[in-house]
*Asks:* 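Before I ask anything, here is the structure I am working with.
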Amino acid sequence: MDIDTKHRSLTKSELHLMNLLWDKEEATVNELVEMMPEPRPAYTTVLTVMRVLTQKGIVKATPKGKANVYTPIMTREEYTKGFMEETRNTLFKGSLSSFFLFFAEHERLASDEVEKIISLLKKNQKKGHNEVTNKSQLL
């Protein structure tokens with residue numbers, strides 16, 4: 001799915017409801033309200049946000065009795081990927097290394113997290129090298 005974050009960016013309220021919906025996979029407005037901490041927003045407030053999310057093409061509403069059941073169209077991973085790409089492009093001038101370095105400099109990571117990141121980077125680097133090698137062989 002092509003993610004157009006400029007047209008599908010989520011407000012804080014929308015993202016909060018989407019996180020609940022991604023976790024539950026489908027829900028009515030009443031169920032979403034019940035999942036929220038006190039003080040809970042009004043039913044009509046949640047309904048309005050769900051209608052906006054439907055218009056944005058992020059959720060679909062399926063009638064079930066007197067209520068609609070809302071299901072995500074966009075996965076959490078798809079949204080996160082688009083959001084992070086937009087963040088990298090707007091705040092880090094598209095530089096992936098600057099993006100990574102920002103977090104490396106400002107976050108504390110456990111040694112097992114560092115090892116996992118290094119392992120993934122090495123795997124990615126080998127994958128990129130193999131793709132270049134395979135393309136060279138085709139020429």
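From a predicted model like this one, the values you see are computed outputs, not experimental measurements.
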*Asks:* Any heavy-atom pair between the side chains of M74 and K56 that's under 4.5 Å?
*Replies:* no
*Asks:* Just how far is it from atom CG of L20 to atom CD of E25, taken to the nearest 0.5 Å?
*Replies:* 13.5 Å
*Asks:* Which of these passes side-chain contact (heavy atoms from CB on, under 4.5 Å) with Y43: T45, L47, V46?
*Replies:* L47
*Asks:* Once you round to the nearest 0.5 Å, how far does CE of M35 lie from CG of L17?
*Replies:* 9.5 Å
*Asks:* Mind checking whether V49 and H16 have side chains closer than 4.5 Å, heavy atoms only?
*Replies:* no
*Asks:* Do side-chain atoms of R88 reach the backbone of F99 as a donor and acceptor pair under 3.5 angstrom?
*Replies:* no
*Asks:* Please find the pair of heavy atoms, one from E113 and one from R108, that lie closest to each other, and give the distance.
*Replies:* OE1-O, 4.4 Å
*Asks:* Passes salt bridge (charged side-chain N to carboxylate O under 4.0 Å, His left out), E85 versus K81? Steps please.
*Replies:* CA-CA 6 Å; E85 286 174 2; K81 183 177 183 234; 3.5 Å; yes
*Asks:* Pick from F102, F100, F103: which one makes a ring-ring contact (aromatic ring centres under 6.0 Å, His included) with F92?
*Replies:* F102
*Asks:* Is there a donor-acceptor pair closer than 3.5 Å between any side-chain N or O of E107 and the backbone N or O of A104?
*Replies:* no
*Asks:* Could you tell me the separation between the CD1 atom of I73 and the OG1 atom of T54, rounded to the nearest 0.5 Å?
*Replies:* 7.5 Å
*Asks:* Applying the 4.5 Å side-chain criterion to the ILVMFWY set and letting contacts propagate, would Y70 and V52 be lumped into a single cluster?
*Replies:* no
*Asks:* Taking the side chain as every heavy atom from C-beta outward, state whether I58 and L10 have any pair of such atoms under 4.5 Å apart.
*Replies:* yes
*Asks:* Going through the distances and angles, do S95 and S97 end up as a side-chain hydrogen bond (donor to acceptor under 3.5 Å, both in side chains)?
*Replies:* CA-CA 5 Å; S95 170; S97 60; 3.2 Å; yes
*Asks:* Hey, could you give me the CE/CG distance between M84 and L96, rounded to the nearest 0.5 Å?
*Replies:* 10.0 Å
*Asks:* Of the non-hydrogen atoms in A61 and P63, which two are nearest, and what is the gap between them?
*Replies:* O-CD, 4.0 Å
*Asks:* Within the 4.5 Å heavy-atom criterion, are E78 and T75 side-chain neighbours or not?
*Replies:* yes
*Asks:* If you round to the nearest 0.5 Å, how far is CD of E31 from CG of L21?
*Replies:* 10.0 Å
*Asks:* Between the main-chain N or O of L32 and the side-chain N or O of K24, is there a donor-acceptor pair closer than 3.5 Å?
*Replies:* no
*Asks:* Apply side-chain contact (heavy atoms from CB on, under 4.5 Å) to residues I117 and L109 and explain how you reach the verdict.
*Replies:* CA-CA 10 Å; I117 291 168; L109 297 171; 3.9 Å; yes
*Asks:* Keeping the roles fixed (side chain from S119, backbone from E115), state whether a donor-acceptor pair exists under 3.5 Å.
*Replies:* no
*Asks:* Any side-chain to backbone donor/acceptor pair from W22 onto E77? Under 3.5 Å, distance only.
*Replies:* no
*Asks:* What's the spacing between D23 CG and M18 CE if we round to 0.5 Å?
*Replies:* 10.5 Å
